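Note sheet for the following structure.
Remember, predicted model here, so these are calculated numbers, not experimental data. A note on names: the letters A, B, ... follow the listed sequences, proteins ahead of strands, and every chain is numbered from 1.
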There are 2 protein chains.
Amino acid sequence: MKHLPHKTIERLSQYRRALLICHETGKSHIYSHEIANIQHITAVQVRRDLMLIGYTGTLRKGYNVKELIDLIGSIIDSDEGIHVAIIGMGNLGRALINYFDGKRSKLNIVAGFDTNPDKIGNTMSGVPCYANEDLEKIIREKDIKIGILTVPADHAIESAELLVKAGVKGILNYTPKPINVPNDVYLEEYDMITTLEKVAFFVKLQEMVK
Amino acid sequence: MKHLPHKTIERLSQYRRALLICHETGKSHIYSHEIANIQHITAVQVRRDLMLIGYTGTLRKGYNVKELIDLIGSIIDSDEGIHVAIIGMGNLGRALINYFDGKRSKLNIVAGFDTNPDKIGNTMSGVPCYANEDLEKIIREKDIKIGILTVPADHAIESAELLVKAGVKGILNYTPKPINVPNDVYLEEYDMITTLEKVAFFVKLQEMVK
DNA sequence: TTCACAATGTTAATTTTTTCACAAAAAAAC
DNA sequence: GTTTTTTTGTGAAAAAATTAACATTGTGAA
C-alpha cells in the first residue's frame, strides 16, 4: 500500500465507527452499499477505499465486519497509542474530552491546560488540568504527541508556539485564527465559523433557485 | 458568476476573516500572497478564487481590502440575515455561541434547545434556551433557517427529524452520528473524532518516515 | 525616457478525487 | 443443471481542484 489520500483516511475512520456499531449489534458481514448509505456516499467509493487498503470482501456476502475493523485499526492507529493534550479547558475543550471519553483506546487525552487558577490542579471529566507554565514539562513527561488548540483566538499563536517548543508532532487548531508551524509538525485547522457560513451560503442558494 | 466550488466558498469565508482584521489595523490594500500566507495556501489559489467571483485588483497595489470584504459579503451573506438555532446547550453548543458572539451580523444564533430543565427558560451567553417540545413552534416563530446539532450522539437522529419537521433549510451536524435529511435540506456533517484520528495517522506516518 | 521589477489575470497542464461501466463469480432460483 | 441475481474489484473516463507558466502592465529607479 502506497499513498492513501487524505479523504480516504477520513472515510476509513468513519467506516470504522459505523462498523463498530454493527459489530456490537452482532452483524458479522456488511455490504459496500450499506456502509455507503450510512456515510452518504456511493458504494463504489467505499469499495475503492477498501481496494486502496488492500482489503477484499467476499462476493455476495460483503465484508467481514470484525476483520475490517481490525485492518482499519492497523492502518490508522499507532501500536503504542498516542497521547493528546487539550490547550484551553473552556467549553470546547471540555466538549472534546466528553466526546472522547473512553471511545478510542489508542488515542488518549491525558492532559489539559488552562490559565484559569480555578481549573488548574483539578481534574475535569477525568483529565487533569495544568497551568500553561508547566506545558513544556508535562508534554515531555507524558510523551504527548498531539495538541488540540481550543483557546480563545487571541491566544492561539502563543499557545501553538508553546506546543511546538514542547515538541508535539501534530496540532489540531480549533481556533478561528490560522497559525504557523514548522514543517515537521502536522497541522490541521478547522473553523466552525467558516463551516456555518458555508451552510448559510448553500441555504441561500437553494432559496434563490426556488 | 456561475458555480462556485465548495472549497472556494470556504476559502472566501476565511479570506474575509483575514481581511476584516487587516481592515481594523488600517491596511487599505493587500497582495494575493499576503492572503495566501495567512491561510497556508498559494497566491495563485487566492487569485483564482477572486477571479471566480469576478473581483479584480490593482496591478502592483493588490486588492482593496474594504471592497473585497464587501464583495465577499454580497456573495456569501444573505441580505436579510439568517437565524440559527443550537440544538443541545452542552459544552459544544455553548462554545459555538461564544465563538459567534457578535461576530457576524448576518448570522444570528437566536435560540437554543435542551432537555435539561435547569437550562430551559434561562438565557445562556445571550441566547434563550427552550425545551425540545417547543422546538417546532419556536423555529417557525423566529423564522430559523439553520439548526446546529450539538446533542449527544444517541439523540442526533430524533433531533434532526424534529428540525426537518420544523422546516429548517440547513443542518450542521456536529455529533459523530451520521443523519439523513430530505433532499431540500442542506446537510453538513463534521466529526471531531475523525479529524483527530486523521491527525494521529499523519503523525504516525511522519514518525515512520524518520 | 527607458528599464527592471513586481504584481495581477488567465490559459493550459497536472494532480487528485470521484464515478462509470463492466467482467467475474458465488449464491439463489427455477 | 442451467439461468438469474447480486455483489465485488478494477480499468478507464470524467469531474473537480490545484498548480504551472506566462503575457500583461503599472510603478519606481536609473
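Listed nucleotides: D:dT18, C:dA28, D:dT8. Nearest to the side chain of A:Arg60: C:dA28. Of the candidate nucleotides C:dA7, D:dT10, D:dA21, D:dT10 has the atom nearest to the side chain of A:Met51. Listed nucleotides: C:dA27, C:dA21, D:dT19. Nearest to the side chain of A:Lys61: C:dA27. Considering only the side chain of A:Thr42, C:dT19 comes nearest among C:dT8, C:dA21, C:dT19. Picking from D:dT19, C:dT19, C:dT8 the nucleotide with the shortest atom distance to the side chain of A:Gln45 gives C:dT19. Which of D:dA17, D:dG9, C:dG9 sits closest to the side chain of A:Tyr63 comes down to D:dG9. Minimum atom distance to the side chain of A:Leu59 is reached by C:dA24, of the listed C:dC5, D:dT19, C:dA24.
When Watson-Crick and G-U wobble pairs are counted only if both distances are under 3.5 Å, D:dT18 pairs with C:dA13.
Between B:Tyr55 and B:Tyr63, the ring-plane angle classifies as tilted under the 30° and 60° cut-offs.
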Check the pair A:Glu207 / B:Lys169 against salt bridge (charged side-chain N to carboxylate O under 4.0 Å, His left out), numbers first and verdict last. CA-CA 9 Å; A:Glu207 302 265 290; B:Lys169 295 299 172 205; 5.2 Å; no
How far apart are the C-alpha atoms of A:Glu136 and A:Arg140, what are their side-chain angles, what is the distance that settles it, and do they pass the salt bridge (charged side-chain N to carboxylate O under 4.0 Å, His left out) test? CA-CA 6 Å; A:Glu136 183 162 358; A:Arg140 294 196 188 278; 3.2 Å; yes
Does B:Thr8 form a side-chain hydrogen bond (donor to acceptor under 3.5 Å, both in side chains) with B:Asp49? I'd like the steps, not just the answer. CA-CA 6 Å; B:Thr8 295; B:Asp49 285 333; 2.9 Å; yes
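Nucleotide D:dA16 holds its P atom 9 Å from the NE2 atom of B:His3, rounded to whole Å. Nucleotide D:dA16 holds its P atom 15 Å from the CD1 atom of B:Ile9, rounded to whole Å. Counting to the nearest Å, the P atom of D:dT19 and the CD1 atom of B:Ile41 are 9 Å from each other. Regarding B:Lys7, its NZ atom lies at a distance of 14 Å from the C1' atom of D:dT19, rounded to whole Å. Straight-line distance from the OH atom of A:Tyr31 to the C1' atom of D:dT6: 8 Å, rounded to whole Å. A:His6 places its NE2 atom 8 Å from the P atom of C:dT17, with the value rounded to the nearest Å. In this structure, the CG atom of B:Leu52 is 12 Å from the P atom of C:dG9, given to the nearest Å. Rounded to an integer number of Å, the gap from NE2 of A:His33 to P of D:dG9 is 14 Å.
Each of A:Thr58 and A:Arg47 was assigned the nucleotide of DNA chain C with the nearest heavy atom; the assignment lying further toward the 5' end belongs to A:Arg47.
The CG atom of A:Asn108 lies 10.5 Å from the CD1 atom of A:Ile82; values are rounded to the nearest 0.5 Å.
One can find a donor-acceptor pair under 3.5 Å joining the base of C:dT19 and the side-chain atoms of A:Arg48.
Among the protein residues, B:Thr56 comes within range of the sugar-phosphate backbone only, with heavy atoms under 4.0 Å from sugar or phosphate atoms but none that close to a base.
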